[in-house]
Amino acid sequence: MALGFATKRLGKELQKIHGGLPPGIDLVSASDFDEWLLDIRVLDKNPLYQDRVFRLKFKFSSSYPIEPPEVVFVQLPDRPIPIHPHIYSNGIICLDLLGQKGWSPVQNVESVCMSIQSMLTGNSKNERPPGDEEFVRGNRLRPRDIDFYYHDNSV
């Protein structure tokens with residue numbers, strides 16, 4: 001990534017993160033300003049996610065924070081991709097704030113993690129989005145370039 005505003009902004013965010021994150025959010029790695037890994041946990045007693053930890057991967061462009069980061073869940077042996085009506089089985093998250101239209105430069109890594117944590121907390125449906133298999137098989141776009149249709153904000 002070219003040095004510039006994005007690097008400066010991410011440096012400030014990283015400094016704040018090292019000062020402490022909200023409960024249930026942990027920084028795993030941020031060795032550069034291209035990609036960060038964070039773990040999140042749902043803090044309530046939601047049986048769908050209780051005692052589970054999920055890994056998020058943030059990828060930043062040189063246009064961050066004007067442009068949203070690319071944020072996906074990563075599957076590891078001890079970090080599953082959560083089952084949720086807005087999370088595809090390949091880890092892509094259908095969340096308006098991660099798209100060009102819903103993103104605002106006032107958002108940051110911490111606020112994105114908190115939004116995803118909240119999205120999981122409020123979920124009661126143990127299901128994938130409609131058309132998950134076809135989407136995962138056929139999608140060739142980067143997550144932030146997908147023009148999702150946001151039809152159900154209740155989950």
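These figures come from a predicted structure and were not determined experimentally.
For the pair Lys125/His84, no side-chain contact is recorded, criterion being any heavy-atom separation below 4.5 Å from C-beta on. Residues Val71 and Lys59 have side chains not in contact (no heavy-atom distance under 4.5 Å, counting atoms from C-beta outward). Two residues are said to be in side-chain contact when any heavy atoms from C-beta on lie closer than 4.5 Å; Phe73 and Ile116 meet this criterion. Side-chain contact check for Pro65 versus Asn108: every heavy-atom pair is 4.5 Å or farther apart. Side-chain contact check for Arg79 versus Val74: every heavy-atom pair is 4.5 Å or farther apart. Under the 4.5 Å side-chain criterion, counting only non-hydrogen atoms from C-beta, Leu56 is in contact with Cys113. At a threshold of 4.5 Å between non-hydrogen side-chain atoms, the residues Gln107 and Pro68 do not count as touching. A heavy-atom distance below 4.5 Å is not found between the side chains of Phe60 and Asp34.
With respect to the salt-bridge test (charged N to carboxylate O, under 4.0 angstrom), the residues Asp26 and Arg41 qualify. Looking at Lys101 and Asp96, no side-chain N of the basic residue comes within less than 4.0 Å of a carboxylate O on the acidic one, giving no salt bridge.
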Stepwise side chain to side chain contact (heavy atoms under 4.5 Å, CB included) test for His18 and Leu27: CA-CA 8 Å; His18 284 308; Leu27 179 66; 3.8 Å; yes

Kindly indicate, with the supporting measurements, whether the criterion side chain to side chain contact (heavy atoms under 4.5 Å, CB included) is fulfilled by Glu110 and Glu13. CA-CA 8 Å; Glu110 182 179 322; Glu13 285 192 43; over 6 Å; no

What's the verdict on side chain to side chain contact (heavy atoms under 4.5 Å, CB included) for Ile25 and Met114, showing C-alpha distance, side-chain angles and the deciding distance? CA-CA 8 Å; Ile25 303 171; Met114 290 174 62; 3.7 Å; yes

Assess whether side chain to side chain contact (heavy atoms under 4.5 Å, CB included) is satisfied between Gln117 and Leu43, documenting all intermediate values. CA-CA 8 Å; Gln117 195 179 41; Leu43 300 176; 4.1 Å; yes

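Arg52 contributes no side-chain N or O that, together with a main-chain N or O of Ile81, makes up a donor-acceptor pair within less than 3.5 Å. Judged by distance alone, the side chain of Asp132 and the main-chain N or O of Phe135 form no donor-acceptor pair under 3.5 Å. The backbone N or O of Ile87 sits less than 3.5 Å from a side-chain atom of Arg128, completing a donor-acceptor pair. In terms of modelled atom types and a separation under 3.5 Å, the side chain of Tyr49 and the main chain of Ile83 share a donor-acceptor contact. The backbone N or O of Ser111 sits less than 3.5 Å from a side-chain atom of Ser115, completing a donor-acceptor pair. A donor-acceptor contact shorter than 3.5 Å is absent between the side chain of Asn126 and the backbone of Leu48.
Atom CD1 of Ile92 and atom NE2 of His86 lie 14.5 Å apart (nearest 0.5 Å). With rounding to the nearest 0.5 Å, the separation of CD in Glu133 from OH in Tyr88 is 12.5 Å. The distance from atom OG1 of Thr121 to atom CG of Asp44, rounded to the nearest 0.5 Å, is 5.0 Å. Distance check: Leu38 CG to Phe54 CZ gives 15.0 Å after rounding to the nearest 0.5 Å. Considering NZ of Lys16 and CG of Leu21, their distance stands at 8.0 Å, rounded to 0.5 Å. Ser89 OG to Gln75 CD: the interatomic distance, rounded to the nearest 0.5 Å, is 9.0 Å.
Clustering ILVMFWY residues whenever any of their side-chain heavy atoms sit less than 4.5 angstrom apart, transitively, puts Val53 in a cluster other than the one holding Trp36. A single hydrophobic cluster is not seen to contain both Leu37 and Ile40; linkage of ILVMFWY side chains at heavy-atom distances under 4.5 Å, directly or through other members, places them apart.
For Phe33 and Tyr64, the gap between ring centers reaches or exceeds 6.0 Å.
The two atoms that bring Ser61 and Ala6 nearest to each other are O-CB, 3.8 Å, heavy atoms only. Residues Leu120 and Asn46 share a closest heavy-atom pair of O-ND2, 3.3 Å.
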